[in-house]
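Predicted, not measured: the structure shown is a model, and the values here were computed from it. Each chain gets a letter, A, B and so on, in the order its sequence line appears, and its residues count up from 1.
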Amino acid sequence: MSVPAAERPGAGAAAAQPPGARRRPHLPGSTLARSLGLVVLVGVLLWIASELLGSYDDLRLASGSYYFAVLAGLTLLTGLSGQISLGHGALMAVGAYTVALLVGNEHWALVPALAAAVAITALVGVLVGAAASRLRGPYLAGATLAFAIGLPSLAEKYSGTFGGANGLAINPPAVPSWLGQSFPLERWEAWIAGIGALVVVFAINNLVRSGVGRSLRAVRDDEIAASLCGLHVGRVQTLAFVVSAACAGLGGGMLAVVLQLAAPGAFQLSLSLSLLTAIVLGGLGSQLGALWGAIVLVLLPSWTNDIAHSSSLSNQVSANLPLAIYGVVLIAAMLAWPSGIQGALRRIIALARRIPLGSKELDKHSTSGSGGVSHEST
Amino acid sequence: MRAHRCKLRALGGVAVLVAALAAAGCGSSSSSNAPGVSATSITLGTHQPLTGPAAPGYSEIAPASQAFFDYLNAQGGIYGRKIHLIIKNDEYNPTQTVSVVHELVLDDNVFGIFEGLGTPTHTKVVGFLNSSKVPDMFVASGCACWDEGAKQPYTFGWQPNYTIEGKILGQYLKQHFAGKKIGVFYQDDDFGTGGLAGIKDEVPASQIVTTQPYQSGTTNVAPQIAAIKAAGAEVLVDFTVPIYTALGQLTSFTLGYKPQLVVSNVGIDPTTVGGLLKTYSKGKAGTELIEGAITDGYLPSVAETSNPWIALFKKIKEKYDPSAPLDGNVEYGMANAYTLAQALQLAGKDLTREKLIDAVDEKGAQLSGPGLVPFRYNKTEHGGYGGVEIGQVRGGKIVLFGGPLVTEPTAGSPITPYTKAQPSPPASGVSVP
Amino acid sequence: MTRFIDLTLNGISTGAVYSAVALALVMIWRATRIVNFAQGGMLMITTFIASDVIGSSGSYWLGFAVALVCGLVLGALVERVLVRRVEGGPPLNAVIVALGLLILLEALAGMIWGNTPRSFPPAFSIRGYDVGGTHLLFAPDDTFIVLVVFAVAVLLALLFRYTALGLRMRASALAPEVARLLGVRVGRMFTLGWALAAFVGSLAGVLVAPSVFVSPSGFDPILIFGFTAAVLGGLDSPPGAVVGGIVLGLVLSYVSGYEGSSLVTLAALVVLIAVLMIRPGGLFSTRRERRV
C-alpha cells in the first residue's frame, strides 16, 4: 500500500515558502488557487479592520497576527504531527533576536531581515527536530522545556552581542512616505504583521493539503505502518519541526518589529506554555484553531485585567485576579470543549446543518489527535 | 462547495476577530492639547510587577504612591485637580510592558507615565514615550539610561544612579577598610554592574579579590558565596535585591562565614530581608544575620519615627494604605509621589505636557522634600537624586550617619558633602521653590 | 580542591531537592500517565498551610504533618473533581488542565497569602558540619533531605514492584480496560495515585522551602529542574528520579562554580539532551527502541 507517485511531495518551491523547507505537489490549480483566494479574502478583511480600528487596537491586531503565525506552525507540529513542544517560545526568541540584530546593528531592510529570521530559525529547527524525532511524549516535552529555558540564557551569557538582561531595542519600522505623514505607526505595524500572517496562511494551507501533510498525519497515527509505506519517520517528524520553527521564527521576527524589542524577559517559559495552551484551546490541528488561539492570547489578558480593575477588591486580590480567572477559564474550557473552540464550533455548525458529525464533508482541515484513519482533504 | 465553505469560515473567523477587538477596546479620541487632564483631574499611568517573581516588595510601591495622591486629593489636589494613578501589571515582562504602556497612552489617554518600574522593562518603552512626547516621570530604577536629557527629553530618573551609590560606598570602603580584601556579589544586570563600576572607581583594584555575578531567577547562589569565602574576602559587598541578600546570608551562615557586610540600599530593607531570615534569627525582627551591615540611603530611615516626613508617611499609610507595612518600598512610593506632585505644582495651573517637562528642567534641581540630597535635573541631566548618606543596620534598623554626600556618575568625579538641612513637610499639600 | 569539595556537596544538597520533586512527578506518571504541572502549585499551597501552622503553633513537626495530610487530601480532591473528567480524552487536554490548575493555585495563593516571600524553618540546623575548623557546605538539614529522598525512592520502588497495590496501580495506568476486567477499581487506583503523589510533593515542598522562601511563584525554578531531573532519570523509575536529581544538581553546581551562573540553564539543557540522545527514555528506562 504505497503512496501513488503523483501524490508524493514534488520539487519546486514558490516564493512564499521558507527557503528549502518543503515542497508542494505540482497538481494544476485547485489547492493553490483556493489558498490564494483565501489569502486575498483574509487580506482584504484585515485591511478593512486595520482602517477601522484605533491605534491601540491596531497594535493588538498586529500582536494577534504574529501569534497566529507561531500558532499555525505549532498546531501543525502538535496536531498533525503529534509532537508536543514546550520550546516554541525559544524559537520565537531566535527569530526576534535575528531581526533585532540585523535591523538594529546591520541596518538591514525589513523583508530581508524577516526572511533571515525564518531561515535561521528553520536551521535551529533542523537541529531541535532531529533531536526531537528520537523522543516521545513527556521526554520530548522535557527536552523542549529545557530548550525553552536554556536558549534565552545565551543572551545573558553573551551580553555584549545580545544586550544581556536588558536585551536589544530597535527603532520602529519606518512608515513609507507614500502613505502620508500622519499614517499611524501602529497601523503600519498591523499591516506588516498581517502580511506575515497571510504568508503563513498560504504556506500552511497548501502544506496541509499536500503529500507532506498526509505524511505527517500518517506518521502521527501509526509510525510502524507509515514506515512500512516507505516514509522515513525521523525525517518526516524533523520536517514538521522545521516548518513549525520557520513559522515561529517569522512570528518572533514580527514581534521584534512590532514591539521593537528582543529581550530574555519576553521569552520565558510562560510564553511557550501559553502557546501550547492557545493551540489546544483553539482546537488542535486546524488553522482556524490557531486563529481562535491567537484571539484568546491577545484578548483574554486585557479582558481579565479590566475585570480586576473594575472590581473594588484589595490590591492583593485584584492583582492576582486576572491570573485566577485565566486558570479557571483554561480548566473550564478544557472540560467543556475537549476539542477546543474549533471543535465546539464544528459541533454547532453540524447541529445547525443537521449533518452527521462523522461525515467526510465536515472533516476538512484536520482530525483530533486521538488516532484512527484520517480523512483525506484534497 | 468546499472552497466556498473554507472561505466562509475564514471570513467568519476574521469577522469575529474584528468584532472582538472593537468590542474589547474602546479607543476614545484624545485631545492633543493636554490628554489626561481635565478641570478636575489628572490621570497618570504606571507599569509595575504586581505578580510574579519580581513582585515581592516592588508591588507595594505604586499603591503607596496612590495613597499619597489620595491624601493630596482629600485636600483638593493640585490646582483643584485630583491625581489618579492607573496601575497596570506587566509581570516584569518587557512584552507586557510595551503592551500596557501603549494601552495607557493610546487607549486610556493618560497625561504621562509615572514611576515605571524596572530597567529591562522600561527601556523598551522609552523610545515610544519620547517619540510620542509623553512625560515619562521619575522611573523607578537607578539605571544611568534615564539620564539622557538631550536624547530623551521626556524621561526623568528619580532614585540615585547605581554608580553614584557604588562610588559613595566605595569611598567609605576605601576610608574605613583600607587594606582589607573585598569580594563583590552582584546581580548580573545594570543594577549590579553599575554599582560595581562605582565601587571600582573608588576602591584600589588590588583590594577587590573576586567579583561573583548571579542571574536573577537562580535559586542556588552557594557556589558564588563559597568562592568569595575561598578568596579570603573580609568584606562582602552585595549589589543584590532582598531575596539574594537573604540567600547570600544563608549560605554565609552555613559556611560559618562572617565578613563585614556592605549592601546596596536596594537590597537591605530590614523589614523585607528580616522577614526572609526570620527563622534563622533569634528574636522577632529576623535581622540578626544582617546586623551591622553598612548600607546607604537617600531618604530618612523608616525607623526614625521622630522624623516629620516619616510621621507624615505613617499617617497617610494608616489612612489610605493600611495593609502595607511601613518599610522602604512604601517610603519610596510616597516620596516619589511627593516629587511628582511638586513637579505638577511647578508646571502651573494651565497644565500641558510641555510645561511639566520644562518645569522639571528649569526648577527641578531646586526641589526639596523628604530627600536628603538634591536632584540632578537640568536640560541635559535627568538623573534624579545625586547622592546618598552612609548608614548601618543597628538593632535591626537602618541608622544613617556621616552626612549626605553627592557626586556625579562619571569616573573620577569628586564626592562632596551636602550640608543643606532637610526641610519639614508642609502642613498640607506640597511646597515648591 | 576545597572548591571542588564545596561544589560537590552543594551539588548533592541541591540535587536532593530536585530529586524530591522528581519523585512526586514520577509517582504521578506511573500511577496515571499524566505529566502533572499542577504538582508545583499543590505543593506550594501545602507549604503555605504548613507555614501558617508553624507560625501559630510554634511546632515544626506539627506543620510538617499537616502539610503531608493536606497533600493527601488535595491530591485526591484534584483527581476526583478535575482529572477524572479528562482522563479518557486526548493527553494534551490533561496537560492543559494541569497548567490551568497551576496558574489558578498560584493566583489563589497570592490572594490569600500575598506575594511577599516568607521564611520557612528547616527541620534541622543549616550550619555546615565543622571539619577541622572550617564549615562544609553541607549541613545536618541537607543530610536529612538526602535520607528522606532515598527512603521515599526505596519505598516507592518497593510499592510498585513488590506489592499487589502497586501492581494494580500500574495496571490501571497502562491498561485501564484490562485492569477493570480483572476486577481492579481503576478509579480508586487513580485517586490513590494522585493522593500519594501529592503526599510526596508536599514532602518535597517542606524540604525545599527553607532555601527558596515560600511565595506563590517561588517554587517554579525548582519544579522546572525537578521535571528535568525526572525526565533525565526516566519517568517510570523512582531510583531514576534520585539519580537524575543528583546528577543534575552536581552538573549545575560545577557549571555555576567554574563557569558562572549564566550558563546554568544551558548546562541543564545540554545534559538532558546528551542523556536523551543515548537513552531516549531517560537513564533508567527499560524500553528499547523498536526500529522497523
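Figure legend: C:Arg127 and B:Phe253 shown as a cation-pi pair, the cationic atom lying under 6.0 angstrom from the six-membered ring centre and within 45 degrees of its axis.
The greatest number of non-hydrogen atom pairs below 4.5 Å with chain B, out of C:Ser262, C:Ala139, C:Pro221, C:Ser211, is found for C:Ser262. When B:Thr219, B:Thr51, B:Asp188 are compared by the number of non-hydrogen pairs under 4.5 Å with chain C, B:Thr219 comes out ahead. Contact count versus chain B (heavy atoms, under 4.5 Å) is highest, among C:Asp6, C:Asn10, C:Thr2, C:Asp142, for C:Asn10.
Neither side chain, B:Ser141 nor B:Gln159, offers a donor N or O lying under 3.5 Å from an acceptor on the other. Of the N and O atoms on the side chains of B:Thr245 and B:Thr240, at least one donor lies less than 3.5 Å from an acceptor on the other residue. A side-chain donor-acceptor contact under 3.5 Å links B:Gln212 and B:Thr210.
Both the backbone and the side chain of C:Asn115 come within contact range of chain B, judged by heavy atoms closer than 4.5 Å. Heavy-atom distances place both the backbone and the side chain of B:Ala226 under 4.5 Å from chain C. Residue C:Ser217 touches chain B through its side chain alone, counting heavy-atom pairs closer than 4.5 Å. With a 4.5 Å cut-off on non-hydrogen atoms, C:Val264 does not touch chain B at all. Both the backbone and the side chain of C:Leu137 come within less than 4.5 Å of a heavy atom in chain B. In this structure, chain B has heavy atoms under 4.5 Å from both the backbone and the side chain of C:Pro117. Of the two parts of B:Pro213, only the backbone, made up of N, CA, C and O, holds a non-hydrogen atom closer than 4.5 Å to a non-hydrogen atom of chain C. Proximity to chain C (any heavy atom under 4.5 Å) is shown, for B:Ile225, by neither the backbone nor the side chain. Looking at C:Arg3, only its side chain comes within 4.5 Å of chain B, counting heavy atoms on both sides. For C:Leu136, the part sitting under 4.5 Å from any heavy atom of chain B is the backbone (N, CA, C, O) and nothing else.
The aromatic ring centroids of C:Phe4 and C:Tyr254 lie less than 6.0 Å from each other.
Atom CZ of C:Phe150 has 12 or fewer heavy atoms from other residues, nucleotides or ligands within 6.0 Å.
Not counting sequence neighbours, B:Lys397 has no partner by the salt bridge (charged side-chain N to carboxylate O under 4.0 Å, His left out) test.
Summarising the geometry of C:Ala109 relative to C:Met44, their closest heavy-atom pair is CB-SD, 3.4 Å, with the distance given to 0.1 Å.
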The test is salt bridge (charged side-chain N to carboxylate O under 4.0 Å, His left out); show your working for B:Lys124 and B:Asp90 and say whether it passes. CA-CA 12 Å; B:Lys124 306 302 176 295; B:Asp90 67 357; over 6 Å; no
